[in-house]
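Accompanying notes for the structure given below.
Note that the structure is a prediction, hence the values are computed from the model and not measured.
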Amino acid sequence: MESADDPKQTYARRLAMLRAVQAERMRRDKTLGFAKLVLFLALIVLCGWLAKFDPTYLFFALIPVLALVFLIVLHERVLRSLRQCNRVIALYERGMARLEDRWAGSGETGEVFLAEAHPYARDLDIFGPGSVFQLLCTVRTRTGEQTLADWLLFAAPQTEIRARQAAVEELRTRLQLREDLATTGEDVRAGVHPEALAAWGEDAAMMKPGGLRVVTMVLAVLWLASGVLWAWKGQSIFFFAMCIVNLTVTGWLHKRVQSAAAGVESAAHDLELLAKILACMEREKFSTEKLLGLQAQLRTEGETAASGVTASRAIGRLSRAMQWLESADNIFVRILNPFVFWTAQCAFVMETWRMRYGAGIRGWLAAVGEMEALSALAVYGYEHPEYIFPEFVAEGPRLEATDFAHPLMPRDRAVANDLDLNSELQLLMISGPNMAGKSTFIRGVGVNVVLAQCGAPVRAKQFVLSSLAVTASICVLDSLQGGISRFYAEIRRLKQISDLAEGPTHVLFLLDELLSGTNSHDRQLGTELMVKGLVQHGAIGLVTTHDLALTEIASAMGGHAANVHFADRFEEGELRFDYKLHPGIVQTSNALQLMRSIGLKV
C-alpha cells in the first residue's frame, strides 16, 4: 500500500523512473535490432560461401539460424516491455495534465452516451470535450465506459453510494493496482464489446460438440492418410475421394461454423485485455464489502466455482481459441482448411467453452465495469486529496454545501461559495450582470450533486444532501431538423422537470434565464407559476435571471424563497468580478459597459 504522498510529487517521481527505464529499453531495442541485421547478413554470407566451396558443411548454418531465432525472441520481449513502459508513461503524463489543469480536450468524451432527453447531461457538461466524463475516464473497456456513464446519468440509492465511497477510499491508496488496471495488456481503446459478447455467451450452442466433432477429426486424419498413400504408393483415387467428401462436409457446416463464431468475433482482439483485467481483480486483497463482492462475482458466475477455473483463465482460454480461429486467414491454413476442418474444430472448442462458461460472461463484464468505474473515481479522489465525501441524510429535501466550487474549474480560477437549501428555504432567485458567474454557480451545484450521487468525492469542505433528482434547463438547444424552436425545447424540458417533481424523489431544479424567448409579461407569469408549482411539490432549486422583475417572485413566496446576487464593479476602465454570492437583489448592470468595451457606440 502506497503512502499518501502529494500526487504531483508521486507522479513526477514515477515519470522520472519510467523515463530512465524507457531510455534503457530503447538502447536495447537499437542494439538487438543491429545485432539481428548483422547476424542475418553473416548468415547469408556463410550460406553462400558453404554452398560454393563446401556444401557438406551447410548444416553449420543452423548455429547462426538458432542464434537469430534467439535474438528475435529476446527482441520481441524487449519491445513488449517498451510498449508497456510507454503506456504507463502516458498514464502518468495524463495524470500530470489533470493536476496542472491541462486535461481538457484529451481523452474519451463519452458523447456516445449523451441523450438529448436526459434532464441534466447536456446542461451540466457531463459528456463532451472538457466534460466531467473526460476528466474522470481512465477506463480501458467499453463496459467500463458504460458503467461510468450510467453512474453519472442515474443517481444510486444511498446504501449503494456509501458502499462505493468505501471502495473508492480503499482504492485511493492502491496506486499500483490502478496503474495495472489502466495499462495492463496491449493498448486497445475501450476494446471489449460487452453486449455482443454477453449475448453470445447466453445463446444456445450452435454446434454441440460430440459425435460431429469426432467425425470431422476422423475425416481430417483420413484425408491426410490418403495424401500420404498417394505420395507413397501412387494411388490417387482415395485422396480425391476424400477431397470430395471433406469439401461436402465443409460446405454443410459452413453456416453453423460462421454463426458459432459471429457473436464473439467482434471482441476477438480484446479478450486478452479482459483476461488481464480480471486477473488484476482476482489477485488483489480487498477489505471493503463492495470490492469483496466484485471478487466473489468472478468466482460464482458460470461454472468457475465448480470447475476451479478462475474467470481470467476461462477468458484466456476463449482468447486462445479465437487466436486459433483467426489463424485460418493464413494462406496455408486457408488452403488446407476445407479438408482438415480447422475452422470447424475451433468452433467446436468455442462451443464447448460457451456451454461451460458462457452464462458467466455478463456477470464478469459487469464486475469489470464496476471495478474500472470505481478505479476512475479513486484516481479523481487521489488527485484531489482536499475533496471530501458527502454526507447523505434520509430526510429531505436538503442540500447544504460549504466552500464548494465547480469541479471543472481550474484551481487558480475557482471561487468557493456556500449554499443551504431545505424544506424551509427551497428557492434562491439569483440576479446579476453578465459574466458575473451565475451559470457557473448553478452548474457547479449540479455537477457536485451528480458526483456525490455516483459515489465520488465532491469539491467542498462540507456537503450534506438528501436523495435528489437533478434537473436543469441551462443549455437547451433548438432543433433545425426536428423543427423545434429553442423556446419550445425549453418548455418541453420544463414539462419534464415538472413531471419529475411529482415523483417520489425530491427534485433539485437548476434554471438559467428561464423563458427568455417570450415577452416580459408572459415570462414573469410563467416563471412564477413554474417555480411555485415545483416548490409546492417539495422541490428545491436555483433560478438565474437578468430580468429584475422576476426577483419579485421570491418576495411573494415568503420564507420559502430568497433573492441573492452576483455583483461586479467598474475599476480603472475594467469590469471586475468577485464571483461571490451576496444576499439581496443586484444593484448594478454592465451590459452597456461591455458593449462599449468592444467598440459599440451606445
**Item:** Any donor-acceptor N or O pair under 3.5 Å, side chains Gln22, Arg19
**Value:** no

**Request:** Output all residues satisfying side chain to side chain donor-acceptor pair (under 3.5 Å) with Ser287, sequence neighbours left out; order by chain, then residue number.
**Result:** Glu170

**Fill in**
By side chain to side chain donor-acceptor pair (under 3.5 Å), Lys36 pairs with (sequence neighbours left out) His75

**Item:** Residue pair Thr216 / Gln345, side-chain donor-acceptor N/O under 3.5 Å
**Value:** yes

**Prompt:** Does Met17 CE have over 12 foreign heavy atoms under 6.0 Å away?
**Reply:** yes

**Message:** I'd like to check the side chain to side chain donor-acceptor pair (under 3.5 Å) partners of Ser226; sequence neighbours left out, ordered by chain and number.
**Reply:** none

**Item:** His118 and Phe154 aromatic ring geometry - parallel, tilted or perpendicular at 30°/60° bounds
**Value:** perpendicular

**Prompt:** Is Arg178 close enough and on-axis enough to Tyr382, meaning under 6.0 Å and within 45°, for cation-pi?
**Reply:** yes

**Request:** Write out all pairs satisfying side-chain hydrogen bond (donor to acceptor under 3.5 Å, both in side chains) with one or both partners inside residues 244-254, taking only residues at least two apart or from two chains.
**Result:** none

**Asked** Between Arg164 and Trp151, is NZ or CZ placed under 6.0 angstrom from the six-membered ring centre and within 45° of the ring axis?
**Response** yes

**Complete:** Residue set satisfying side chain to side chain donor-acceptor pair (under 3.5 Å) with Ser131, at least two apart, ordered chain then number -> none

**Message:** Is it the case that atom CE in Met96 sees more than 12 heavy atoms from other parts of the structure closer than 6.0 Å?
**Reply:** yes

**Prompt:** Does Ile237 CD1 have over 12 foreign heavy atoms under 6.0 Å away?
**Reply:** no

**Of Leu336, Val249, Val257, the residue whose pairing with Phe341 passes side-chain contact (heavy atoms from CB on, under 4.5 Å)** = Val249

**Asked** Should we say atom CZ of Phe40 is surrounded by more than 12 heavy atoms from elsewhere, each under 6.0 Å from it?
**Response** no

**Message:** Does anything in residues 38-50 form a salt bridge (Lys or Arg N to Asp or Glu O under 4.0 Å)? List the pairs, not counting sequence neighbours.
**Reply:** none

**Request:** Could you tell me whether the side chains of Ser312 and Glu282 share a donor-acceptor contact shorter than 3.5 Å?
**Result:** yes

